[in-house]
A.B. asks: 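Dropping a structure here in structure tokens format, bear with me for questions.
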2 protein chains.
Amino acid sequence: MQKSDFLSTRVPSYADVMTAQARGLHARVLDSLGPAITAGEYPPGSVLRTDELAQRFEVSRSVMREVVRVLESMHLVASRRRVGVTVRPTEEWNVYDPQVIRWRLAGADRPRQLRSLTVLRSAIEPVAAGLAARNATAEQCAALTECALGMVATSRGRRLEEYLVHDVAFHRVVLDASGNEMFARLGDVVAEILAGRTHHDVMFEDPDPAAVTLHVRVAEAVREGDADRAEALTREIAEGALKELDILAPPPATR
Amino acid sequence: MQKSDFLSTRVPSYADVMTAQARGLHARVLDSLGPAITAGEYPPGSVLRTDELAQRFEVSRSVMREVVRVLESMHLVASRRRVGVTVRPTEEWNVYDPQVIRWRLAGADRPRQLRSLTVLRSAIEPVAAGLAARNATAEQCAALTECALGMVATSRGRRLEEYLVHDVAFHRVVLDASGNEMFARLGDVVAEILAGRTHHDVMFEDPDPAAVTLHVRVAEAVREGDADRAEALTREIAEGALKELDILAPPPATR
DNA sequence: GTGATGCAAAAGTCTGACTTTTTGAGTACG
DNA sequence: CGTACTCAAAAAGTCAGACTTTTGCATCAC
């Protein structure tokens with residue numbers, strides 16, 4: 001009956017939430033089976049049976065059915081009578097589902113996945129920045145400038161974690177300010193990519209000063225409403241990200 | 001069968017599959033409740049109760065629970081004990097889920113939705129075309145040329161339906177040939193947009209000859225491996241699509 | 001070989017009982 | 001007067017079992 005009145009007011013981090021054991025049986029099974037499928041542990045064409053899965057995970061059939069339904073809605077599997085639950089080919093998966101993205105980024109082909117997403121980014125963000133220059137509110141311009149300044153301030157002295165926070169915030173604001181909901185919803189993906197770069201792909205050195213400058217100039221361009229310049233500058237940032245990726249993990253040999 | 005095999009023997013599209021009536025109780029309820037939510041019939045913050053829904057739709061609680069689980073995985077609702085199933089704010093929806101896209105396109109704010117998606121297209125497709133110029137196989141080049149020729153052949157004489165088929169196929173091939181799975185998966189979205197233009201937004205006249213020519217030239221550029229030209233030409237096509245949209249449904253007044 | 005027939009496997013559905021979490025009202029205590 | 005504690009009810013969550021429906025496959029008749 002103790003009260004945890006010390007150290008009690010910490011805000012639970014994302015990892016805490018996702019790692020928590022308390023999310024219900026259904027979510028736990030999903031988080032076990034989902035990654036297994038996306039990792040190719042059950043290759044496309046594999047057939048699973050609901051009852052068998054229920055036994056394996058030691059849950060009732062109702063729970064397992066709900067899990068299968070969700071996997072089905074992600075197009076990871078297809079359920080057919082008398083056949084069972086079939087793993088669908090990769091090309092049919094809902095690769096834009098944030099959950100699927102997370103599972104795949106956590107799995108073995110993380111590099112491939114990271115490349116796909118970075119290319120996607122390089123297509124989206126310049127256009128988003130152009131739109132932001134036209135549509136950003138005063139508050140968004142201010143936020144953008146603040147982020148850029150934060151990046152400058154933390155760009156030296158191995159303060160990578162602090163830098164990351166500002167970097168993520170910057171790109172989120174741009175995507176939001178574009179006024180396009182499809183763009184805005186990619187904020188999480190970008191956050192995931194940037195975090196991955198800092199944490200997994202081992203950034204030994206401080207961030208590229210040229211990149212930092214570019215961010216500052218994008219903020220300027222947006223503030224001034226110069227769409228073309230904002231787009232061009234963001235395109236440069238994207239080019240940089242692609243180049244960086246080529247160095248870390250060269251692309252598959254071109255056909 | 002007449003004409004090109006690769007057009008006639010195409011795999012059944014998503015829409016085909018999902019329109020079928022025989023999909024089981026669960027899917028039918030989902031297709032009733034999902035659109036209702038995305039249409040704003042239950043505004044964000046509304047609280048539903050599983051049992052009540054089960055009664056309303058005349059299905060068992062198990063079926064309704066599975067429906068709720070799927071809606072939850074789309075981030076349309078959140079389910080909490082003792083409180084019920086809450087409709088989440090629009091900004092949190094998984095707007096890239098093909099099912100959600102279809103529901104929203106079928107609903108009231110179709111124009112808004114169509115604009116978001118067209119802007120997305122205008123960002124993606126030029127980049128995809130550039131990549132396609134680098135990566136397309138001989139078969140894909142051939143398919144692309146065939147599509148372009150088909151577009152030319154059906155561009156006059158009010159053969160809009162036939163034209164649409166070739167147009168959709170063209171863009172699908174480009175997205176596929178880009179070699180990026182994130183791009184490839186947008187084929188359905190593009191198909192939806194193009195079909196919408198032909199069917200809903202009333203194309204009175206034959207397609208713009210300039211657009212047709214641009215498609216032919218994109219096919220050329222890809223075949224010749226000229227990435228920059230393929231990208232620039234596709235950007236022109238996208239510009240055209242955006243302009244067309246501005247005429248049909250002017251954008252909200254810029255702030 | 002071809003087509004009809006029937007069996008069985010697996011998903012789909014329904015029902016009722018039970019558990020767990022959470023909220024909000026009531027209550028005691030300072 | 002307000003704070004903190006208790007408690008009961010509400011709703012989702014879980015489980016088990018029985019039944020239905022579809023459908024692949026093997027068998028059999030022609």
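Naming: A, B, ... by sequence-line order, numbering from 1 per chain.
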A.B. asks: Look at the side chain of His199(B) and the backbone N and O of Ala195(B), then say whether any donor-acceptor pair between them is shorter than 3.5 Å.
C.D. replies: yes

A.B. asks: Have a look at Ser79(A) and tell me which of Val85(A), Thr86(A), Leu71(A) forms a side-chain contact (heavy atoms from CB on, under 4.5 Å) with it.
C.D. replies: Val85(A)

A.B. asks: Looking at Pro89(A), is its backbone amide N or carbonyl O close enough to the side chain of Glu92(A) to form a donor-acceptor pair, meaning the two atoms are under 3.5 Å apart?
C.D. replies: no

A.B. asks: Can you confirm whether Asn94(A) sits close enough to Arg185(B) that some side-chain heavy atom of one is under 4.5 Å from a side-chain heavy atom of the other?
C.D. replies: yes

A.B. asks: Once you round it to whole Å, what is the distance between P of dG13(D) and CG of Leu30(A)?
C.D. replies: 14 Å

A.B. asks: Return whichever of Val83(A) or Ser60(A) has its heavy-atom-nearest nucleotide of DNA chain D closer to the 5' end.
C.D. replies: Ser60(A)

A.B. asks: If you compare every side-chain N and O of Thr50(B) against the phosphate oxygens of dA11(D) (OP1, OP2), does one of them come in below 4.0 Å?
C.D. replies: no

A.B. asks: Nearest whole angstrom, please: distance from the P of dG13(D) to the CZ of Arg28(A).
C.D. replies: 13 Å

A.B. asks: Of the options Thr38(B), Asp31(B), Asp97(B), which is the one that meets Trp103(B) in a side chain to side chain donor-acceptor pair (under 3.5 Å)?
C.D. replies: Asp31(B)

A.B. asks: In degrees rounded to 10°, what angle is found between the helical axes fit to the five outermost pairs at each end of the helix from dG1(C)-dC30(D) to dG30(C)-dC1(D)?
C.D. replies: 10°

A.B. asks: Using a 3.5 Å distance criterion without hydrogens, assess whether the side chain of Ser32(A) forms a donor-acceptor pair with backbone atoms of Arg28(A).
C.D. replies: no

A.B. asks: For the pair Glu52(B) and Arg56(B), find out whether any cationic side-chain nitrogen is under 4.0 Å from an anionic carboxylate oxygen.
C.D. replies: yes

A.B. asks: Under 4.0 Å, heavy atom to any atom of DNA chain D: which of residues 62-71 of chain B qualify?
C.D. replies: Arg65(B), Arg69(B)

A.B. asks: Checking side chain to side chain contact (heavy atoms under 4.5 Å, CB included) for the pair Val67(A)/Leu53(A): CA distance, chi angles, key distance, verdict?
C.D. replies: CA-CA 10 Å; Val67(A) 170; Leu53(A) 288 173; over 6 Å; no

A.B. asks: May I ask you to check whether over 12 heavy atoms, not counting those of Glu146(A), lie within 6.0 Å of atom CD?
C.D. replies: no

A.B. asks: What string of B, S and - do you get for nucleotides 3-9 of chain C 5' to 3' if you count protein non-hydrogen atoms under 4.0 Å?
C.D. replies: -----BB

A.B. asks: Ignoring backbone atoms, test whether Arg61(B) places a side-chain nitrogen or oxygen under 4.0 Å from the OP1 or OP2 oxygen of dA12(D).
C.D. replies: no

